Amino acid sequence: MIKNIFIITLLSVSGLFLAQNTAMSGTEAKAFVAKVSSETREIKTLQSDFTQTKKMDFLDKNIVTYGKMSLKTPNMLSWKYTKPYQYSIVFKDNKIFINDQGKKSAVDAKSKTFEKINKLIVGSSNGQMFSDPEFSVAYLKNGSFNIAKFTPKSAQLLKYIKQIELYFPKNQSTVSQVNMTEASGDTTNIVFKNTRINAPVAASEFSL
């Protein structure tokens, strides 16, 4: 019995080590960037359902929300949360438009943290995020994903964001998962599903 428990424990620990991320070689990283940049160049629109899980130190339970993301190049992005509450954020014309359950507002997005995140997400659809001068990028891999880990270079942005990880399934050039760690240690995980590429997007998706 003890021997069996030891073997199971050993296998479990081994599995954890096998699942760990490892750094890509320079050649692998170069090939990955070239592939994603080339294959996403033709993307004009991107739509996806998402599940967002936010973990905060002062809360016992994670906050889970559901919604829809719509993107239209070069710089229009919409996040519409539909469950358990109604909340929409639209990035357009260097402004952030917000609809908080019927209460609407607009904020200048220039030089704001949200604008940086928006730029990174939009860039993930066309490969331009790899050359963003405001982030340093490390390239990792595991058995299921290629991962680009972005770390802000500026002290201003580091006050809010510690790092952002974009997960690309093997043999896929669009992001399926985003992990963001804030400076406070709080984390946000976004998982995309039902992704549609270059399907028509109604203009209403970018208006509130």
Side-chain angles (χ1 to χ4, degrees), residues 16 19-23 46 48-71 75-92 94-101 103 105-125 128-142 144-169 174-193:
L16 289 173
Q20 287 182 342
N21 301 330
T22 58
L46 191 68
S48 183
D49 301 322
F50 68 83
T51 302
Q52 176 178 299
T53 304
K54 188 170 183 64
K55 182 178 181 180
M56 306 177 76
D57 285 341
F58 63 88
L59 294 178
D60 293 331
K61 294 183 178 181
N62 295 339
I63 301 172
V64 180
T65 50
Y66 304 88
K68 176 182 177 182
M69 184 271 289
S70 299
L71 179 150
N75 58 3
M76 297 172 69
L77 179 65
S78 168
W79 295 88
K80 295 192 175 181
Y81 295 84
T82 56
K83 185 180 176 181
Y85 51 79
Q86 303 284 322
Y87 187 91
S88 300
I89 306 174
V90 173
F91 298 85
K92 183 172 63 174
N94 290 319
K95 286 186 178 294
I96 302 172
F97 300 90
I98 299 171
N99 186 340
D100 184 358
Q101 302 185 82
K103 184 179 180 181
S105 59
V107 181
D108 188 350
K110 289 184 178 179
S111 302
K112 302 293 184 180
T113 302
F114 262 139
E115 191 270 339
K116 310 304 180 189
I117 299 172
N118 171 50
K119 184 179 178 182
L120 197 61
I121 296 296
V122 172
S124 72
S125 71
Q128 294 181 2
M129 74 288 200
F130 297 126
S131 56
D132 192 319
E134 297 194 75
F135 294 88
S136 59
V137 190
Y139 299 98
L140 309 170
K141 63 180 181 178
N142 59 36
S144 302
F145 297 96
N146 291 316
I147 305 162
K149 182 169 71 174
F150 295 79
T151 303
K153 293 180 180 179
S154 71
Q156 179 185 5
L157 200 51
L158 279 167
K159 291 179 181 178
Y160 304 96
I161 303 170
K162 183 177 180 180
Q163 69 180 33
I164 299 174
E165 296 177 332
L166 303 183
Y167 283 69
F168 299 78
T174 55
V175 175
S176 68
Q177 181 174 317
V178 177
N179 289 344
M180 182 175 72
T181 304
E182 300 175 21
S184 63
D186 294 343
T187 61
T188 300
N189 168 261
I190 304 172
V191 176
F192 299 102
K193 63 179 182 178

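The model shown is predicted, which means the values in this text are computed figures rather than measured ones.
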Kindly give the heavy-atom pair with the smallest separation between [X] and [Y], and that separation in Å.
X: Met129; Y: Phe150; result: O-CE2, 3.3 Å
X: Ala183; Y: Leu158; result: CB-O, 3.4 Å
X: Ser136; Y: Lys153; result: N-CE, 3.7 Å
X: Gln86; Y: Gln101; result: O-CG, 2.8 Å
X: Glu134; Y: Asp132; result: N-OD1, 2.9 Å
X: Thr174; Y: Pro169; result: O-CD, 3.7 Å

message: Does Lys80, at its NZ atom, have more than 12 non-hydrogen atoms belonging to other residues, nucleotides or ligands within less than 6.0 Å?
response: yes
Would you say [X] and [Y] make side-chain contact, with heavy atoms under 4.5 Å?
X: Phe91; Y: Asn75; result: no
X: Ile190; Y: Gln177; result: no
X: Phe135; Y: Phe130; result: no
X: Met69; Y: Leu71; result: yes
X: Lys95; Y: Phe97; result: yes
X: Ile98; Y: Ser88; result: no

Distance, nearest 0.5 Å, that separates [atom1] of [X] from [atom2] of [Y]:
X: Lys92; Y: Leu77; atom1: NZ; atom2: CG; value: 12.0 Å
X: Thr82; Y: Lys68; atom1: OG1; atom2: NZ; value: 10.0 Å
X: Glu165; Y: Asn21; atom1: CD; atom2: CG; value: 7.0 Å
X: Tyr160; Y: Ser184; atom1: OH; atom2: OG; value: 12.0 Å
X: Thr151; Y: Lys149; atom1: OG1; atom2: NZ; value: 6.0 Å
X: Lys55; Y: Ile63; atom1: NZ; atom2: CD1; value: 13.0 Å

- prompt: Charged N to carboxylate O below 4.0 Å: is that the case for Glu182 and Lys54?
  reply: yes
- prompt: Is the side chain of Asn142 donor-acceptor paired with the backbone N or O of Ser144 at a distance under 3.5 Å, no angle test?
  reply: yes
message: Donor-acceptor check, side chain of Asp57 to backbone of Asp186, threshold 3.5 angstrom: yes or no?
response: no
query: Do Tyr167 and Phe192 have ring centroids that are under 6.0 Å from one another?
result: no
query: Is the Trp79-Tyr87 ring centre distance short of 6.0 angstrom?
result: no
- request: Check the pair Ile164 / Val178 against side chain to side chain contact (heavy atoms under 4.5 Å, CB included), numbers first and verdict last.
  value: CA-CA 7 Å; Ile164 299 174; Val178 177; 4.0 Å; yes
- request: Could you please spell out the steps behind the ring pair (Phe, Tyr, Trp, His ring centres under 6.0 Å) verdict for Tyr85 and Tyr66?
  value: CA-CA 9 Å; Tyr85 51 79; Tyr66 304 88; over 10 Å; no
message: Please evaluate residues Gln52 and Tyr81 with respect to the criterion side chain to side chain donor-acceptor pair (under 3.5 Å), reporting the C-alpha separation (whole Å), side-chain torsions for both, the decisive distance (0.1 Å), and the verdict.
response: CA-CA 9 Å; Gln52 176 178 299; Tyr81 295 84; 2.7 Å; yes
